[in-house]
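Computed from heavy atoms alone, side chains included, the values below leave out hydrogens, waters and symmetry copies. In the text below, chain A, chain B and the rest are named by the order of the sequence lines, each starting its count at 1.
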2 protein chains.
Amino acid sequence: MFLPIETTGVIMQSYNEIVKVFCHIGNEKDMKQFMREVLTESELDALVFRWRLMKDLYHGETQRSIANKYHISLCKITRGSKILKNKDSISLKLLKKQETDT
Amino acid sequence: MFLPIETTGVIMQSYNEIVKVFCHIGNEKDMKQFMREVLTESELDALVFRWRLMKDLYHGETQRSIANKYHISLCKITRGSKILKNKDSISLKLLKKQETDT
DNA sequence: TTTTTTGTTCTTTTTCATAGAAACATGATT
DNA sequence: AATCATGTTTCTATGAAAAAGAACAAAAAA
């Protein structure tokens, strides 16, 4: 996105707001619907797929194995890989949490 | 992404999972970081901007006024407009809620 | 140390959302 | 009824971003 500079403040406010909104949606049904409303189908698919990739990486699958499994290129996997390598990664924490919860 | 949203299967499972994950992130700091990790910058920008559009529409601004303000084309606004016209819209409920809360 | 496997980065190609410019619909105002 | 403002939809062209494929780097295994 490329928005005129003068709108930056407003957009930043919207950014904080939508984070807040996401935080206060209590139940899964509403969350699911909200995500369908504010994300395009391809964005949602991409998001879900990215989560799937991170899980596979987290479970120790090699990048090439994942690439073959989903018929995608390696470069697509690097992103998720980088995120999980970051020590402060929230995604990593959430994956760990999910593991212990189930 | 081009993986059809099935009603069963690993992708659907990941979909339900990530909805659950979003639901259980309690605080805004983590939510913000998580969104930065699992969405690309342009996806996040698009999402935030879409929320901004919906707010403007909700407050009664005309589509043409919004288009001029942000220097975007009208066709881009139709999406948000359609969402808000649906009486079951969660976005609409959340906008109402935000209004009464503040 | 050489070979093999795995991970990362680079360049090119493809894809997808959007702009722009209408046309058409609807609804309000006169 | 005629006019004007607004909303919706369609079309092609364009540009930004994502992805592919290949080259390169690093690490592990032999």
Check against side-chain hydrogen bond (donor to acceptor under 3.5 Å, both in side chains), A/D45 and B/Y15: CA-CA 8 Å; A/D45 287 351; B/Y15 179 35; over 6 Å; no

For the side chain of [X], starting at C-beta, report the closest nucleotide among [options].
{"X": "B/S42", "options": "C/dA19, D/dA17, D/dG7", "result": "D/dA17"}
{"X": "A/T62", "options": "C/dT8, C/dT6, D/dT8", "result": "C/dT6"}
{"X": "A/C75", "options": "C/dA19, D/dT8, C/dC10", "result": "C/dC10"}
{"X": "B/I72", "options": "D/dG7, C/dA19, D/dA19", "result": "C/dA19"}
{"X": "B/T78", "options": "C/dT8, D/dA19, D/dT9", "result": "D/dT9"}

Could you check whether any side-chain N or O of [X] sits under 3.5 Å from a backbone N or O of [Y], counting only pairs where one atom can act as donor and the other as acceptor?
{"X": "B/E28", "Y": "A/V19", "result": "no"}
{"X": "A/E37", "Y": "B/I90", "result": "yes"}
{"X": "B/Q33", "Y": "A/D88", "result": "yes"}

Looking at [N], I'd like to know if its phosphate oxygens (OP1 or OP2) sit under 4.0 Å from a side-chain N or O belonging to [X].
{"X": "B/S81", "N": "D/dT8", "value": "yes"}
{"X": "A/K76", "N": "D/dG21", "value": "no"}
{"X": "B/K82", "N": "D/dT9", "value": "yes"}
{"X": "A/K85", "N": "C/dT8", "value": "yes"}

Within 6.0 angstrom of A/K29 NZ, more than 12 heavy atoms from elsewhere: no

To the nearest angstrom, how far is [X] atom [atom1] from [N] atom [atom2]?
{"X": "B/L57", "N": "D/dT6", "atom1": "CG", "atom2": "P", "value": "14 Å"}
{"X": "B/L53", "N": "C/dA19", "atom1": "CG", "atom2": "P", "value": "10 Å"}
{"X": "A/Q63", "N": "D/dA20", "atom1": "CD", "atom2": "P", "value": "13 Å"}
{"X": "B/D45", "N": "C/dT18", "atom1": "CG", "atom2": "C1'", "value": "15 Å"}
{"X": "A/E61", "N": "C/dG7", "atom1": "CD", "atom2": "C1'", "value": "15 Å"}
{"X": "A/N68", "N": "D/dG21", "atom1": "CG", "atom2": "C1'", "value": "14 Å"}
{"X": "B/D56", "N": "D/dG7", "atom1": "CG", "atom2": "C1'", "value": "16 Å"}
{"X": "B/I77", "N": "C/dA17", "atom1": "CD1", "atom2": "P", "value": "18 Å"}

Taking only Lys NZ, Arg NE, NH1 and NH2, and the carboxylate oxygens of Asp or Glu, determine whether [X] and [Y] approach each other closer than 4.0 Å.
{"X": "A/K69", "Y": "A/E61", "value": "yes"}
{"X": "A/D30", "Y": "B/K93", "value": "no"}
{"X": "A/E41", "Y": "A/R36", "value": "no"}

Minimal non-hydrogen separation, B/Y58 against B/L84, with atom names: N-CD1, 4.0 Å

If you restrict it to nitrogen or oxygen atoms, what contacts under 3.5 Å exist between nucleotides 25-30 of chain D and the protein, and what is each distance?
none

Salt bridge (charged side-chain N to carboxylate O under 4.0 Å, His left out) evaluation trace for A/E17 with B/R52: CA-CA 10 Å; A/E17 266 177 30; B/R52 179 74 234 163; 5.7 Å; no

Spacing of B/L39 atom CG and B/L47 atom CG [to the nearest 0.5 Å]: 6.5 Å

Nucleic acid contacts - residues 34-41 of chain B versus DNA chain C, non-hydrogen atoms under 4.0 Å: none

Contact pattern, 5' to 3', of nucleotides 22-30 of chain C - B, S or - by protein heavy atom under 4.0 Å: ---------

B/E43 vs A/R50, salt bridge (charged side-chain N to carboxylate O under 4.0 Å, His left out): CA-CA, chis, key distance, verdict: CA-CA 13 Å; B/E43 282 167 353; A/R50 222 168 273 141; 2.9 Å; yes

